[in-house]
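A short worksheet on the structure shown next.
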Protein chains: 2
Amino acid sequence: MKRAKKKVFTDFMSQRGLKSTKQRDVILDSFLSSDRHLSIEELYLKIRAKHPNIGYATVYRTLKLFAEAGIAREMQFGDGQTRYEHVGEGEHHDHLVCTRCGSIEEFENETIEKLQTEVAASRGFLIERHRLELYGLCGNCRK
Amino acid sequence: MKRAKKKVFTDFMSQRGLKSTKQRDVILDSFLSSDRHLSIEELYLKIRAKHPNIGYATVYRTLKLFAEAGIAREMQFGDGQTRYEHVGEGEHHDHLVCTRCGSIEEFENETIEKLQTEVAASRGFLIERHRLELYGLCGNCRK
DNA sequence: CGTTATTATGACATCCACTTTCAACTGGAG
DNA sequence: CTCCAGTTGAAAGTGGATGTCATAATAACG
(Lines give C-alpha, C1' and ligand atoms only; values in the text may rest on other atoms or scores of the structure.)
Protein backbone atom coordinates (compact mmCIF):
# COMPACT_ATOMS: atom_id res chain seq x y z
CA MET A 1 0.00 0.00 0.00
CA LYS A 2 2.87 2.33 0.71
CA ARG A 3 4.33 1.03 -2.53
CA ALA A 4 1.12 1.72 -4.38
CA LYS A 5 0.98 5.31 -3.19
CA LYS A 6 4.59 5.91 -4.02
CA LYS A 7 3.88 4.73 -7.53
CA VAL A 8 0.86 6.99 -7.80
CA PHE A 9 3.04 9.87 -6.77
CA THR A 10 5.96 9.15 -9.08
CA ASP A 11 3.55 8.67 -11.96
CA PHE A 12 1.96 11.98 -11.14
CA MET A 13 5.36 13.61 -11.01
CA SER A 14 6.63 12.35 -14.31
CA GLN A 15 3.34 13.14 -15.98
CA ARG A 16 3.74 16.73 -14.85
CA GLY A 17 7.43 16.96 -15.63
CA LEU A 18 8.32 17.38 -11.98
CA LYS A 19 11.59 16.20 -10.55
CA SER A 20 12.29 13.57 -7.97
CA THR A 21 14.40 14.90 -5.14
CA LYS A 22 15.80 13.64 -1.86
CA GLN A 23 13.53 15.97 0.05
CA ARG A 24 10.40 14.72 -1.62
CA ASP A 25 11.40 11.14 -0.97
CA VAL A 26 12.00 11.86 2.68
CA ILE A 27 8.74 13.74 3.04
CA LEU A 28 6.73 11.06 1.29
CA ASP A 29 8.23 8.32 3.43
CA SER A 30 7.63 10.28 6.55
CA PHE A 31 4.09 11.09 5.58
CA LEU A 32 3.20 7.53 4.69
CA SER A 33 4.62 6.15 7.91
CA SER A 34 2.79 8.65 10.08
CA ASP A 35 -0.43 8.91 11.85
CA ARG A 36 -3.24 9.94 9.66
CA HIS A 37 -4.25 13.59 10.20
CA LEU A 38 -0.89 15.24 10.67
CA SER A 39 -0.56 19.00 10.43
CA ILE A 40 2.16 20.57 8.29
CA GLU A 41 3.91 21.73 11.41
CA GLU A 42 3.82 18.29 13.01
CA LEU A 43 5.19 16.59 9.93
CA TYR A 44 7.81 19.30 9.57
CA LEU A 45 9.03 18.84 13.13
CA LYS A 46 9.09 15.08 12.76
CA ILE A 47 11.15 15.35 9.60
CA ARG A 48 13.44 18.01 10.93
CA ALA A 49 14.57 15.68 13.69
CA LYS A 50 16.39 13.54 11.13
CA HIS A 51 16.80 16.04 8.32
CA PRO A 52 17.47 19.45 9.82
CA ASN A 53 18.14 20.86 6.40
CA ILE A 54 14.62 20.44 5.06
CA GLY A 55 12.65 23.65 5.31
CA TYR A 56 9.07 24.28 6.30
CA ALA A 57 8.23 25.65 2.87
CA THR A 58 9.33 22.46 1.20
CA VAL A 59 7.16 20.34 3.46
CA TYR A 60 4.29 22.70 2.83
CA ARG A 61 4.69 22.60 -0.94
CA THR A 62 5.21 18.87 -1.02
CA LEU A 63 2.05 18.19 0.93
CA LYS A 64 0.16 20.29 -1.60
CA LEU A 65 1.65 18.09 -4.28
CA PHE A 66 0.48 14.97 -2.46
CA ALA A 67 -3.00 16.40 -2.40
CA GLU A 68 -2.88 17.15 -6.11
CA ALA A 69 -1.57 13.68 -6.78
CA GLY A 70 -4.52 12.30 -4.87
CA ILE A 71 -2.64 10.52 -2.11
CA ALA A 72 -3.46 13.08 0.58
CA ARG A 73 -6.39 15.29 1.44
CA GLU A 74 -6.47 18.63 3.24
CA MET A 75 -8.67 18.74 6.30
CA GLN A 76 -9.73 21.39 8.77
CA PHE A 77 -10.89 20.41 12.20
CA GLY A 78 -11.18 23.86 13.61
CA ASP A 79 -7.93 23.94 15.56
CA GLY A 80 -6.54 26.50 13.15
CA GLN A 81 -4.19 24.11 11.42
CA THR A 82 -4.58 22.38 8.12
CA ARG A 83 -4.14 18.65 8.46
CA TYR A 84 -3.40 16.14 5.77
CA GLU A 85 -4.83 12.67 5.84
CA HIS A 86 -3.98 9.66 3.73
CA VAL A 87 -6.35 8.85 0.92
CA GLY A 88 -6.93 5.50 -0.70
CA GLU A 89 -8.67 5.02 -4.06
CA GLY A 90 -12.14 6.45 -3.94
CA GLU A 91 -12.26 5.76 -0.25
CA HIS A 92 -14.26 8.01 2.01
CA HIS A 93 -14.90 8.27 5.71
CA ASP A 94 -16.02 10.67 8.35
CA HIS A 95 -14.47 11.66 11.67
CA LEU A 96 -14.90 11.45 15.39
CA VAL A 97 -12.81 14.19 16.97
CA CYS A 98 -12.11 14.13 20.69
CA THR A 99 -12.37 17.61 22.12
CA ARG A 100 -10.24 16.69 25.11
CA CYS A 101 -7.26 14.75 23.79
CA GLY A 102 -7.53 15.73 20.15
CA SER A 103 -7.50 12.18 18.86
CA ILE A 104 -9.24 11.56 15.58
CA GLU A 105 -11.03 8.34 14.69
CA GLU A 106 -12.64 7.48 11.41
CA PHE A 107 -15.91 5.81 10.54
CA GLU A 108 -18.08 5.03 7.58
CA ASN A 109 -21.81 4.72 7.38
CA GLU A 110 -23.59 3.87 4.20
CA THR A 111 -26.99 4.79 5.49
CA ILE A 112 -25.96 8.27 6.47
CA GLU A 113 -24.42 8.85 3.07
CA LYS A 114 -27.59 7.70 1.41
CA LEU A 115 -29.74 9.98 3.51
CA GLN A 116 -27.50 12.89 2.65
CA THR A 117 -28.01 12.25 -1.02
CA GLU A 118 -31.75 12.12 -0.49
CA VAL A 119 -31.83 15.37 1.44
CA ALA A 120 -29.77 17.07 -1.23
CA ALA A 121 -31.87 15.69 -4.05
CA SER A 122 -35.06 16.95 -2.44
CA ARG A 123 -33.59 20.47 -2.67
CA GLY A 124 -32.31 20.09 -6.19
CA PHE A 125 -28.79 20.15 -4.80
CA LEU A 126 -26.00 18.07 -6.32
CA ILE A 127 -23.40 16.88 -3.79
CA GLU A 128 -19.75 17.00 -4.80
CA ARG A 129 -18.33 16.17 -1.42
CA HIS A 130 -19.26 16.44 2.19
CA ARG A 131 -17.82 16.58 5.62
CA LEU A 132 -19.25 15.06 8.73
CA GLU A 133 -17.47 15.45 12.01
CA LEU A 134 -18.66 14.40 15.41
CA TYR A 135 -17.00 16.29 18.24
CA GLY A 136 -17.06 15.02 21.79
CA LEU A 137 -15.29 12.72 24.22
CA CYS A 138 -13.58 9.55 23.06
CA GLY A 139 -13.80 6.33 25.02
CA ASN A 140 -10.58 7.02 26.87
CA CYS A 141 -11.39 10.54 27.89
CA ARG A 142 -14.81 9.59 29.26
CA LYS A 143 -13.31 7.45 32.00
CA MET B 1 -38.14 36.65 17.65
CA LYS B 2 -35.81 39.59 17.28
CA ARG B 3 -37.27 40.77 20.55
CA ALA B 4 -36.62 37.43 22.18
CA LYS B 5 -33.00 37.39 21.16
CA LYS B 6 -32.48 40.93 22.32
CA LYS B 7 -33.82 39.92 25.67
CA VAL B 8 -31.55 36.90 25.82
CA PHE B 9 -28.63 39.17 25.12
CA THR B 10 -29.50 41.88 27.62
CA ASP B 11 -30.11 39.23 30.28
CA PHE B 12 -26.75 37.73 29.49
CA MET B 13 -25.14 41.14 29.72
CA SER B 14 -26.59 42.12 33.06
CA GLN B 15 -25.85 38.69 34.47
CA ARG B 16 -22.23 39.20 33.57
CA GLY B 17 -22.08 42.79 34.67
CA LEU B 18 -21.49 44.03 31.14
CA LYS B 19 -22.63 47.37 29.89
CA SER B 20 -25.09 48.27 27.22
CA THR B 21 -23.60 50.62 24.68
CA LYS B 22 -24.68 52.29 21.46
CA GLN B 23 -22.25 50.20 19.49
CA ARG B 24 -23.58 46.95 20.84
CA ASP B 25 -27.14 48.00 20.08
CA VAL B 26 -26.24 48.88 16.53
CA ILE B 27 -24.32 45.67 15.99
CA LEU B 28 -27.07 43.51 17.45
CA ASP B 29 -29.71 45.17 15.29
CA SER B 30 -27.60 44.82 12.24
CA PHE B 31 -26.81 41.20 12.97
CA LEU B 32 -30.42 40.26 13.62
CA SER B 33 -31.63 41.90 10.45
CA SER B 34 -29.01 40.24 8.29
CA ASP B 35 -28.65 37.15 6.29
CA ARG B 36 -27.73 34.17 8.30
CA HIS B 37 -24.03 33.22 7.88
CA LEU B 38 -22.41 36.62 7.71
CA SER B 39 -18.67 36.96 8.15
CA ILE B 40 -17.23 39.53 10.55
CA GLU B 41 -15.94 41.52 7.62
CA GLU B 42 -19.31 41.54 5.88
CA LEU B 43 -21.14 42.66 8.97
CA TYR B 44 -18.48 45.25 9.67
CA LEU B 45 -18.79 46.74 6.20
CA LYS B 46 -22.54 46.77 6.40
CA ILE B 47 -22.42 48.58 9.71
CA ARG B 48 -19.72 50.98 8.70
CA ALA B 49 -21.93 52.32 5.93
CA LYS B 50 -24.17 53.94 8.54
CA HIS B 51 -21.82 54.12 11.48
CA PRO B 52 -18.34 54.91 10.20
CA ASN B 53 -17.10 55.31 13.73
CA ILE B 54 -17.58 51.70 14.77
CA GLY B 55 -14.36 49.76 14.52
CA TYR B 56 -13.67 46.28 13.28
CA ALA B 57 -12.45 45.18 16.69
CA THR B 58 -15.73 46.14 18.28
CA VAL B 59 -17.73 44.15 15.76
CA TYR B 60 -15.37 41.26 16.29
CA ARG B 61 -15.67 41.37 20.07
CA THR B 62 -19.40 41.85 20.00
CA LEU B 63 -19.95 38.84 17.77
CA LYS B 64 -17.95 36.79 20.24
CA LEU B 65 -20.29 38.03 22.93
CA PHE B 66 -23.31 37.00 20.87
CA ALA B 67 -21.82 33.55 20.61
CA GLU B 68 -21.27 33.38 24.36
CA ALA B 69 -24.79 34.61 24.96
CA GLY B 70 -26.04 31.81 22.76
CA ILE B 71 -27.70 33.90 20.07
CA ALA B 72 -25.00 33.30 17.46
CA ARG B 73 -22.72 30.47 16.51
CA GLU B 74 -19.30 30.53 14.87
CA MET B 75 -19.03 28.54 11.69
CA GLN B 76 -16.26 27.66 9.28
CA PHE B 77 -17.07 26.76 5.73
CA GLY B 78 -13.56 26.58 4.46
CA ASP B 79 -13.45 29.96 2.73
CA GLY B 80 -11.00 31.21 5.31
CA GLN B 81 -13.49 33.41 7.11
CA THR B 82 -15.36 32.78 10.29
CA ARG B 83 -19.07 33.22 9.83
CA TYR B 84 -21.72 33.75 12.45
CA GLU B 85 -25.16 32.31 12.12
CA HIS B 86 -28.27 32.99 14.14
CA VAL B 87 -29.20 30.43 16.74
CA GLY B 88 -32.61 29.74 18.18
CA GLU B 89 -33.20 27.85 21.42
CA GLY B 90 -31.74 24.39 21.20
CA GLU B 91 -32.24 24.46 17.49
CA HIS B 92 -29.84 22.64 15.25
CA HIS B 93 -29.38 22.21 11.55
CA ASP B 94 -26.82 21.26 8.96
CA HIS B 95 -25.73 22.98 5.77
CA LEU B 96 -25.78 22.72 2.04
CA VAL B 97 -23.01 24.93 0.69
CA CYS B 98 -22.92 25.81 -2.99
CA THR B 99 -19.38 25.67 -4.28
CA ARG B 100 -20.20 27.93 -7.18
CA CYS B 101 -22.25 30.81 -5.81
CA GLY B 102 -21.42 30.39 -2.14
CA SER B 103 -25.02 30.29 -1.02
CA ILE B 104 -25.75 28.39 2.15
CA GLU B 105 -28.97 26.50 2.79
CA GLU B 106 -29.96 24.72 5.94
CA PHE B 107 -31.60 21.40 6.57
CA GLU B 108 -32.48 19.08 9.39
CA ASN B 109 -32.72 15.34 9.41
CA GLU B 110 -33.68 13.39 12.48
CA THR B 111 -32.63 10.06 11.08
CA ILE B 112 -29.12 11.20 10.30
CA GLU B 113 -28.74 12.60 13.80
CA LYS B 114 -29.89 9.32 15.26
CA LEU B 115 -27.48 7.32 13.17
CA GLN B 116 -24.66 9.58 14.26
CA THR B 117 -25.45 8.89 17.88
CA GLU B 118 -25.47 5.19 17.17
CA VAL B 119 -22.15 5.25 15.39
CA ALA B 120 -20.61 7.21 18.22
CA ALA B 121 -22.09 4.97 20.89
CA SER B 122 -20.68 1.88 19.22
CA ARG B 123 -17.23 3.41 19.66
CA GLY B 124 -17.78 4.52 23.23
CA PHE B 125 -17.74 8.10 22.00
CA LEU B 126 -19.94 10.79 23.52
CA ILE B 127 -21.04 13.46 21.05
CA GLU B 128 -21.07 17.07 22.22
CA ARG B 129 -21.75 18.61 18.86
CA HIS B 130 -21.30 17.84 15.23
CA ARG B 131 -21.03 19.44 11.88
CA LEU B 132 -22.37 18.13 8.65
CA GLU B 133 -21.88 20.07 5.47
CA LEU B 134 -22.75 19.02 1.98
CA TYR B 135 -20.77 20.86 -0.68
CA GLY B 136 -21.89 20.92 -4.27
CA LEU B 137 -24.12 22.77 -6.70
CA CYS B 138 -27.35 24.36 -5.62
CA GLY B 139 -30.49 24.18 -7.72
CA ASN B 140 -29.79 27.50 -9.38
CA CYS B 141 -26.21 26.80 -10.29
CA ARG B 142 -27.03 23.44 -11.85
CA LYS B 143 -29.06 25.01 -14.59
C1' DC C 1 30.37 12.50 -18.93
C1' DG C 2 30.06 18.07 -19.19
C1' DT C 3 26.52 21.45 -20.44
C1' DT C 4 22.33 23.56 -19.96
C1' DA C 5 17.49 24.46 -19.33
C1' DT C 6 14.37 23.69 -15.92
C1' DT C 7 12.63 22.79 -11.65
C1' DA C 8 13.38 22.68 -6.57
C1' DT C 9 14.93 24.39 -2.31
C1' DG C 10 15.24 27.19 1.87
C1' DA C 11 15.62 31.48 4.18
C1' DC C 12 13.04 35.23 4.46
C1' DA C 13 9.32 38.38 3.42
C1' DT C 14 4.46 39.02 3.03
C1' DC C 15 -0.34 38.19 3.52
C1' DC C 16 -4.45 37.68 5.94
C1' DA C 17 -7.78 37.04 9.32
C1' DC C 18 -8.10 37.57 13.36
C1' DT C 19 -6.62 38.90 18.35
C1' DT C 20 -4.52 41.71 21.80
C1' DT C 21 -2.95 46.08 23.67
C1' DC C 22 -3.58 50.49 25.57
C1' DA C 23 -4.84 55.16 26.29
C1' DA C 24 -8.96 57.67 26.06
C1' DC C 25 -13.80 57.24 26.89
C1' DT C 26 -18.33 55.85 28.69
C1' DG C 27 -22.31 53.64 31.42
C1' DG C 28 -24.47 53.46 35.57
C1' DA C 29 -24.22 52.41 40.61
C1' DG C 30 -23.92 55.07 44.68
C1' DC D 1 -22.29 64.45 40.15
C1' DT D 2 -18.32 61.10 40.94
C1' DC D 3 -15.93 57.39 40.27
C1' DC D 4 -14.62 53.00 38.55
C1' DA D 5 -15.18 48.96 36.07
C1' DG D 6 -16.21 48.04 31.58
C1' DT D 7 -15.69 49.78 26.41
C1' DT D 8 -13.94 51.48 22.40
C1' DG D 9 -10.98 52.22 18.24
C1' DA D 10 -6.52 52.62 16.34
C1' DA D 11 -2.71 50.31 15.93
C1' DA D 12 0.41 46.72 16.85
C1' DG D 13 0.94 41.70 17.37
C1' DT D 14 0.05 36.66 16.10
C1' DG D 15 0.25 32.44 13.79
C1' DG D 16 -0.36 29.81 9.93
C1' DA D 17 -0.28 29.89 5.11
C1' DT D 18 1.78 31.50 0.93
C1' DG D 19 4.94 34.21 -2.15
C1' DT D 20 9.74 35.73 -3.51
C1' DC D 21 14.20 35.04 -5.11
C1' DA D 22 18.99 33.78 -5.30
C1' DT D 23 21.19 29.44 -5.10
C1' DA D 24 21.32 24.47 -5.82
C1' DA D 25 20.01 20.17 -7.90
C1' DT D 26 17.88 17.23 -11.60
C1' DA D 27 17.63 15.24 -15.94
C1' DA D 28 17.72 15.63 -20.83
C1' DC D 29 20.92 16.57 -24.48
C1' DG D 30 24.98 16.86 -26.96
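Side chains are part of it too, since the values below use all heavy atoms of this structure and drop only hydrogens, waters and symmetry mates. Lettering follows sequence order; numbering is per chain, from 1.
Atom CE in A:M13 sits roughly 13 Å away from atom P in D:dA28 (whole-Å rounding). One can place CZ of B:R24 at 14 Å from C1' of D:dG9, the figure rounded to the nearest angstrom. As rounded to whole Å, 16 Å separates atom C1' of C:dA17 from atom CG of B:L43. Per the geometry, CG belonging to B:N53 stands 9 Å off P belonging to D:dA10, to the nearest Å. For the pair B:E68 CD and D:dG6 C1', the computed distance is 14 Å after rounding to whole Å.
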Contact letters for nucleotides 15-24 of chain D, in which S counts primed atoms plus P, OP1 and OP2 and B counts the base, heavy atoms under 4.0 Å: -SSBBB----
For each nucleotide in nucleotides 23-30 of chain C, reading 5' to 3', give B when a protein heavy atom comes within less than 4.0 Å of its base, S when such contact involves only the sugar-phosphate, and - otherwise. ---BBS--
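To the nearest 0.5 angstrom, B:E41 atom CD is 8.0 Å from B:R48 atom CZ. From A:I112, atom CD1 reaches atom OG1 of A:T117 across 12.0 Å, with rounding to the nearest 0.5 Å. Summarising the geometry, atom NE2 belonging to A:H37 is positioned 3.0 Å from atom NE2 belonging to A:H95; distances are rounded to the nearest 0.5 Å.
For the pair A:S34/A:L43, a side-chain contact is recorded, criterion being any heavy-atom separation below 4.5 Å from C-beta on. Side-chain atoms of B:L45 and B:E42, non-hydrogen and from C-beta on, never get closer than 4.5 Å to each other.
Between A:R83 and A:E85 there is no salt bridge, since no side-chain nitrogen of the basic residue lies less than 4.0 Å from a carboxylate oxygen of the acidic one.
Toward the 5′ end of DNA chain D lies the nearest nucleotide of B:G17, the other residue of the pair B:G17 and B:I54 mapping further downstream.
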Run the side chain to side chain donor-acceptor pair (under 3.5 Å) test on B:T62 and B:Q23 for me, step by step, so that the C-alpha distance in whole Å, both residues' side-chain angles and the decisive distance to 0.1 Å come before the verdict. CA-CA 9 Å; B:T62 306; B:Q23 289 92 332; over 6 Å; no
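Shown here is A:R123, whose CZ atom has more than 12 heavy atoms of other residues, nucleotides or ligands within 6.0 Å.
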